[in-house]
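As structure tokens, the structure follows; a few thoughts come after it.
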4 protein chains.
Amino acid sequence: MSKIADKRAAILSAALDIFAENGFHGSPTSLISEKAGVGTGTIYRYFQSKDDLIRELHLELDGKLQAAIFADYREEVPLRQRFDNLYENLLRYFIDNPRECRFLEQFYNSPYGIAKRRARKENPGEKEACFARLFDEARQRQAFKDLPEEMLVSLSIGPMLYAVRDHLAGLVAIEDRMVPLIVEACWDAVARRD
Amino acid sequence: MSKIADKRAAILSAALDIFAENGFHGSPTSLISEKAGVGTGTIYRYFQSKDDLIRELHLELDGKLQAAIFADYREEVPLRQRFDNLYENLLRYFIDNPRECRFLEQFYNSPYGIAKRRARKENPGEKEACFARLFDEARQRQAFKDLPEEMLVSLSIGPMLYAVRDHLAGLVAIEDRMVPLIVEACWDAVARRD
Amino acid sequence: MSKIADKRAAILSAALDIFAENGFHGSPTSLISEKAGVGTGTIYRYFQSKDDLIRELHLELDGKLQAAIFADYREEVPLRQRFDNLYENLLRYFIDNPRECRFLEQFYNSPYGIAKRRARKENPGEKEACFARLFDEARQRQAFKDLPEEMLVSLSIGPMLYAVRDHLAGLVAIEDRMVPLIVEACWDAVARRD
Amino acid sequence: MSKIADKRAAILSAALDIFAENGFHGSPTSLISEKAGVGTGTIYRYFQSKDDLIRELHLELDGKLQAAIFADYREEVPLRQRFDNLYENLLRYFIDNPRECRFLEQFYNSPYGIAKRRARKENPGEKEACFARLFDEARQRQAFKDLPEEMLVSLSIGPMLYAVRDHLAGLVAIEDRMVPLIVEACWDAVARRD
DNA sequence: AATGAATGAGTTTTCATTCAT
DNA sequence: GATGAATGAAAACTCATTCAT
């Protein structure tokens, strides 16, 4: 790891801490540079602006998140098993990485994130495609409710993300035994009842 | 409607517009007063500070939201009917009032809102109690999954709020025919499968 | 006393209280009108501006002060007796009227007061003339130090005003037995030593 | 002198000028920064707030003042000589440094200064102790009037400070030959008459 | 390349004054 | 005459960004 990468990484890590704690607007760049152990000007050698730093941080975290979710993904296993695998990975990643979760939550609720998601919808990546295939297959098998694919994604991910949000806010406690039940809730939300 | 209520209402409405659009921090009070058609100082005749304005706006909207949800609520109808009634009202309110939805989403994700929700958990109001009774009854009848009440609330409300969030972001379109299906998704997320 | 005089007097009294407590700049006119029990606009029916209110209040208090000092003044008694009489009256007035003292102290240290005193020097009133005669007589009799009259006034009044200032600030306590000693200090400051 | 000291000193000097002229409340920070030739934000790099700037400026000036007063002080010379030395130094310092005098006058009449003086009374520094010893010694020798030490300080300093105040206001002119007479007035104010 | 002092536009808030009622 | 709601200019202070070193 080069010196350059070190500084960049230090800035991103400090930014993550502080954004997760105080939000984008409650986080002066001076605080970030201080926590990162670099000069205030140094941020601007690695990032064009604070906004750019936020977007780059998102890219970084989004990559890690996808890697975590798809770490042990296998297309060939049965549908339900694939679903459970993805959602459990997602849930565990957020529980284990609260800073990342808070940042991403914030990001996707901000103008930055809304634009990003719109762009991604137009131009989906490999992982999104994988997700889409899963939901498409389920729909074709009549396993899911008769709703558009994007709606099914929202509905199935909602239970988990709300549970995590309240867990991180200290309003509920997700214990280990609850993990499968939460994943089940995600499936049940979109599964067709017989 | 008196003159006094007019100004206050104009400020609250302008603030709602602008907060929903730009977030709390992206909304200078000068923009709010301009949009409300009042002087910059006038905001401070009705609200002690910008923070106070945010909190008062929340109170206002929270009251309206609760009124909308419980508009036609009847304790005596069957459990599932009560559930469907509440969740459909909630969904329709947010679809019909996107500014309110965005504001509340933001509020409950901010330090203000997290504190508020903690306080409410300690000291629940009448409506919360009503909600709690519903979930308690369902659990006693073994209708819901074996999870703490708060977790069930998070899980059941998540599908809808995520669907609405994406709808308001323009990523999916909630059509009228989907409303019962979304409500069903909320129920299914927490219902016990036989 | 007419209604009109009542309101005016109420405003002046409230202003005195608040100026003495908080200083000119720490005293919003709204606070003054509230304490006076009148509308915020009413002040501007009796006074052209806040500055004007301050100047008028000064005039009022200055009149009262002079009346108090000269209440029992008699030109025909011996010099020293006249001096003691004036200075004791002054000291007692300030001890008994701390608000007035604080206001006047402030006033004479402000741009308003400095201009006022310059004007008065150019164009002395009856009481100033009386004072001047006293000091003039003393100098002619070689009773006072060889200094200009105004300087003698400053030197002789300084001990008392500093003692009162510190008394009102709570740093020293002027007890009754000290009054003659303080007056004596004023005399001694300017008296020629033999 | 480093660059950093330059800016700080420029701000303090500009602030002194403007405070002395217009008072604390009549001196916007924007005026200070403009006069100092720095940006508006720069003040806040060196001082936490305007209040802090005022307090720091006081500390600076108070230090200089004490240094000037005690520049050639010697404990071993006779009492009267020590007194004359201190008071003449004080007088000359104020005549030579009118801005400093006006600032300090204002400061000690403001809430800042009153608190400061109370604190100093509780917890006197080295110079105050020196002053106290002088007055104590004088009282034990029956040289001074039978009054508490603090009162003697007020009475003895009053003549000079009033004379200086009126001198700086342009109402009297202190000429060089008057200096010993003014110092004598200070002594006479508190000295016991035989 | 890295720094961090300096900047000034932009933000919240106050308050003397006005004017419609 | 009296009111007090409304005003907006002006104040203190913040912080993303620049640039000389």
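Values below: every heavy atom of this structure, side chains too, minus hydrogens, waters and symmetry copies. A quick note: this is a predicted structure, and the numbers were derived from the prediction, not measured. In what follows, chains carry the letters A, B, and so on, assigned in the order in which the sequence lines appear, proteins first and then strands, with residues in each chain numbered from 1.
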Is the shortest side-chain heavy-atom distance between D:L53 and D:T29 below 4.5 Å? no
Where the side chain of D:S49 is concerned, which of F:dC13, E:dA2, F:dA16 is the nearest nucleotide? F:dC13
Tell me whether the OP1 or OP2 atom of E:dT7 has a side-chain N or O from D:T42 closer than 4.0 Å. yes
Atom CD1 of A:I43 and atom C1' of F:dC19: how far apart are they, to the nearest Å? 16 Å
Rounding to an integer number of Å, can you tell me how far B:I11 CD1 sits from F:dA5 P? 13 Å
Would you call the rings of D:F107 and D:H58 parallel, tilted or perpendicular if under 30° counts as parallel and over 60° as perpendicular? parallel
Is the shortest side-chain N to carboxylate O distance from B:D62 to B:R120 below 4.0 Å? yes
To the side chain of C:T29, which of F:dA12, F:dT17, E:dA16 is closest? E:dA16
Writing each nucleotide of DNA chain E 5' to 3' as (, ), [, ], | or . by Watson-Crick or G-U pairing under 3.5 Å yields .||||||||||||||||||||
Distance-only donor-acceptor test, C:T40 side-chain atoms vs F:dA5 base atoms, 3.5 Å: yes
May I ask you to say what D:S33 touches in the nucleic acid, namely base, sugar-phosphate or nothing, with a heavy-atom cut-off under 4.0 Å? nothing
Tell me the interatomic distance from C:H25, atom NE2, to F:dA12, atom P, rounded to whole angstroms. 12 Å
Considering all heavy atoms, the nearest C:D52-C:F47 contact: OD2-CA, 3.5 Å
Rounding to an integer number of Å, can you tell me how far B:K50 NZ sits from E:dT11 C1'? 8 Å
Phosphate oxygens OP1/OP2 of E:dT14: is one of them under 4.0 Å from a side-chain N or O of B:Y44? no
Without decimals, in angstroms, what is the distance between B:D51 CG and E:dT13 C1'? 13 Å
Exceeds 12 heavy-atom contacts within 6.0 angstrom, atom NZ of B:K116: no
Whole Å only: how far is the CZ atom of B:F47 from the P atom of E:dT12? 15 Å
Nearest to side-chain heavy atoms of A:R45, which nucleotide of E:dT17, F:dA2, E:dA1: E:dA1
Rounded to whole Å, please give me the gap between CG in D:D6 and C1' in E:dA6. 14 Å
Side-chain atoms of B:P28 come closest, of F:dA16, E:dT12, E:dT17, to E:dT12
5' precedence on DNA chain F between D:Q48 and B:G39 (nearest-nucleotide basis): B:G39
For a 4.5 angstrom cut-off between non-hydrogen side-chain atoms, does A:E21 reach A:S27? no
Minimum-distance pair of heavy atoms, taken over all atoms of A:I114 and A:Y108: CG1-O, 3.9 Å
Under-4.0 Å salt bridge between B:E56 and B:R8: yes
OP1 or OP2 of E:dC15 under 4.0 Å from side-chain N/O of C:S30: no
Take the protein atom CD1 of A:I32 and the nucleotide atom P of F:dT17, then report the distance between them rounded to whole Å. 11 Å
Reckon D:K7 has a side-chain N or O less than 4.0 Å from the OP1 or OP2 of E:dG4? no
Between D:Y46 and E:dA6, is there a side-chain N or O to OP1/OP2 distance below 4.0 Å? yes
Take C:S27 and A:G41, find for each the nucleotide of DNA chain E with the closest heavy atom, and name the residue whose nucleotide sits nearer the 5' end. A:G41
